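Notes follow the structure.
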Amino acid sequence: MAVDVRREGSSASTLGSLSEFGLSIGKPLSRRALSGFVARYEAAPLRKNAHFVHDLRLRSVA
């Protein structure tokens, strides 16, 4: 049996919404904290949503 190690997550992955997690409103991140998160996120070998990355970049320099 061959396994594709280039793919992360379950074989039946689905996209969810943040609203499904029941998160409460937190305080905003500082620009420095957001920039650090964006740098680590972009360096990580994860599948990424291009629109999400674009929005993160815009917010980290705004």
Side-chain angles (χ1 to χ4, degrees):
M1 176 172 93
V3 176
D4 185 358
V5 295
R6 295 171 295 167
R7 181 164 153 58
E8 296 204 19
S10 68
S11 60
S13 63
T14 58
L15 292 177
S17 169
L18 287 178
S19 63
E20 295 173 8
F21 289 94
L23 301 174
S24 61
I25 302 297
K27 62 181 185 178
L29 287 175
S30 68
R31 193 171 288 148
R32 181 178 175 196
L34 181 57
S35 294
F37 171 79
V38 171
R40 289 187 305 278
Y41 179 70
E42 290 181 314
L46 304 170
R47 290 183 300 161
K48 298 171 181 76
N49 179 301
H51 297 292
F52 181 62
V53 173
H54 175 75
D55 288 346
L56 285 175
R57 285 183 189 146
L58 288 178
R59 297 216 183 267
S60 67
V61 297

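Because the structure is a prediction, the values reported are computed rather than measured. Any value given below was found using the heavy atoms of this structure, including those in side chains, with hydrogens, waters and symmetry copies removed.
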Residues pairing under salt bridge (Lys or Arg N to Asp or Glu O under 4.0 Å) where one sits in residues 35-46, two or more places apart or in two chains, turn out to be Glu42-Arg57
Joining Ile, Leu, Val, Met, Phe, Trp and Tyr whenever any side-chain heavy atoms lie under 4.5 Å apart, the cluster holding Leu56 also takes in Leu29, Leu34, Phe37, Val38, Tyr41, Phe52, Val53
Heavy atoms of His51 and Asn49 approach each other most closely as N-OD1, 2.8 Å
